[in-house]
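Beneath this line is the structure, given in structure tokens, with notes to follow.
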Amino acid sequence: MAKIETPRPVRGTQDMLGGTPEAFAERFAHVVATFDRVRRLYGFQRVEVPVFEQTAVFARSLGESTDVVSKEMYTFTDRGGDSITLRPEFTAGISRAYITEGWQQYAPLKVATHGPLFRYERPQKGRFRQFHQLDAEIIGAAEPGADVELLVMADQLLKELGISEGVTLTLNTLGDAESREAWRAALVAHFMGHRDQLSEESVDRLARNPLRILDSKDPRDRPVADSAPDIDAYLTDEARGFFEKVTAGLDAAGVAWERNPRLVRGLDYYRHTAFEFVTDRLGAQGTVLGGGRYDGLIENLGGPSTPAVGWAAGIERLAMLVEVLEIEATELVMLPDSDEDVHAAIFIQSVLRRAGLRCDMAFSGSSKKRYDKAKRSSAYRGLTISSADTEAFAVIRLRDLKAGAPPVRKRLRTALDSAFSWTENAETREFTLVRKF
RNA sequence: GCGAUCGUAGCUCAGUCGGUUAGAGCGCUGGUUUGUGGUACCAGAGGUCGUGGGUUCGGAUCCCAUCGGUCGCCCCA
């Protein structure tokens with residue numbers, strides 16, 4: 001018979017198993033749970049949007065011809081002939097829903113979501129083809145207070161995850177449309193003047209995406225990039241005022257921030273505030289949480305001119321930074337003394353579990369093997385279950401397996417009450433159980 | 001799309017100037033120890049050395065190709 005070949009996992013996808021020493025699945029869940037708790041503190045409503053959309057949703061919002069759209073999306077034609085794309089981000093889908101579901105009536109809308117996203121990229125540390133993000137958006141608020149609120153929430157989230165140490169909020173303004181155009185023109189002029197000193201890649205960027213030269217990693221570009229003009233001189237009074245209100249709000253909330261005049265965005269719809277929480281603990285992927293104001297996006301999608309601001313954070317990246325969590329250990333492992341006691345053990349275990357105790361029992365094995373297995377596991381205690389000489393249901397006894405296990409005897413007594421009348425021998429500490437019903 | 005690096009048991013790895021039957025620890029399976037208890041003892045299963053080709057009397061080991069993982073570049077919504 002031909003050997004069946006197991007299909008390999010798709011490149012850039014991950015499988016996460018809980019209960020392992022790395023506890024990655026637990027850390028992942030912890031990040032999500034913390035986000036869900038914090039977003040409620042700020043009054044962000046949970047929103048659910050589809051995992052796939054018509055390709056146009058992302059193509060229009062991102063700009064038809066960018067690399068991202070042409071090369072880095074999971075796009076396919078479905079059976080009905082429609083072009084469908086797996087969401088590479090949350091913002092476009094939420095914006096589409098804002099328009100098509102009439103959510104304008106709730107503006108300003110504060111929403112949060114999380115889930116899987118898909119990008120056709122080469123995987124590396126902290127980058128996957130299916131990955132997961134937390135997302136928060138405020139739609140329909142033009143005030144800098146919205147930017148502040150999102151940043152304060154992000155700051156609290158990172159603090160509550162215990163990873164704010166070594167993570168810095170870096171902040172910039174891209175100005176309003178007028179400021180941005182003036183700055184862009186000045187940058188192009190500056191880079192044209194030093195064209196011969198730029199890397200080949202940056203010469204290419206000059207035509208495609210000149211702002212991106214500013215945050216180039218190539219050391220050859222740094223002198224020219226560092227001497228390029230900041231946006232400050234090109235800001236309109238309005239744009240400057242907006243940015244000042246954002247930074248003043250952060251100061252008022254006690255959120256630490258750093259100005260990074262080299263922080264830019266690849267897409268044209270960004271206005272005013274752009275920010276990233278960065279760290280050096282994730283290899284080449286420094287950004288842990290990033291976002292900004294995208295006042296032009298909803299209009300790009302055919303909606304009314306609507307101001308909006310939001311951020312997203314990679315759950316895997318956050319999970320890599322949080323401490324390894326203590327895995328919730330089994331409290332009681334059933335240890336039937338012989339095969340005849342297995343059914344009694346099954347019943348007792350079901351009673352204890354209904355009462356909220358974390359119990360487990362091996363599927364097979366002699367009492368010795370069961371004991372060995374329990375001893376090697378992380379379980380706190382064993383519960384031996386043996387037949388009684390009398391007509392009693394069973395005799396049970398607690399056995400410590402780990403030093404420093406949290407007390408359980410009191411809860412055990414209460415749990416037993418629900419199904420047994422029992423006596424506890426003060427000397428041997430054995431419980432003799434008699435079924436109530 | 002480009003580059004570097006790594007692929008040996010379920011896991012972590014040893015073995016590689018070419019030479020008997022490819023090893024260890026952990027895990028797994030079975031057994032022994034008549035037991036308030038041991039991180040015991042014994043045995044066993046499990047490998048096309050990623051895949052294909054080449055050089056050679058002989059390849060896990062050298063060469064080429066290919067696939068896959070990891071990390072980086074590009075890109076970063």
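Just the heavy atoms: all of them, side chains too, but no hydrogens, waters or symmetry mates, feed the values below. In what follows, chains carry the letters A, B, and so on, assigned in the order in which the sequence lines appear, proteins first and then strands, with residues in each chain numbered from 1.
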Would you say the side chain of Ser386(A) lies within less than 4.5 Å of the side chain of Val395(A), judging by non-hydrogen atoms? yes
OP1 or OP2 of G69(B) less than 4.0 angstrom from a side-chain nitrogen or oxygen of Arg11(A), does that happen here? yes
The Watson-Crick or G-U wobble partner of G25(B), with both key distances under 3.5 Å, is C11(B)
C1' gap between G72(B) and A60(B), integer Å: 29 Å
With C1' as the reference atom in both, quote the distance from A24(B) to A14(B) in angstrom, rounded to an integer. 7 Å
Distance between the P atoms of C11(B) and U48(B), in whole angstroms? 13 Å
Side-chain N or O of Arg212(A) closer than 4.0 Å to phosphate OP1/OP2 of C76(B): yes
Tell me whether the side-chain N/O atoms of Gln285(A) come closer than 4.0 Å to OP1 or OP2 in C76(B). no
Closer than 4.0 Å, any side-chain N/O of Arg208(A) to the OP1 or OP2 of C76(B)? no
Where the side chain of Lys217(A) is concerned, which of C74(B), A77(B), G37(B) is the nearest nucleotide? C74(B)
Is any side-chain nitrogen or oxygen of Arg205(A) closer than 4.0 Å to OP1 or OP2 of C74(B)? yes
If the test is salt bridge (Lys or Arg N to Asp or Glu O under 4.0 Å), which one of Arg409(A), Lys402(A), Arg411(A) qualifies with Glu331(A)? Arg411(A)
Given C75(B), is OP1 or OP2 found less than 4.0 Å from the side-chain N or O atoms of Asn209(A)? no
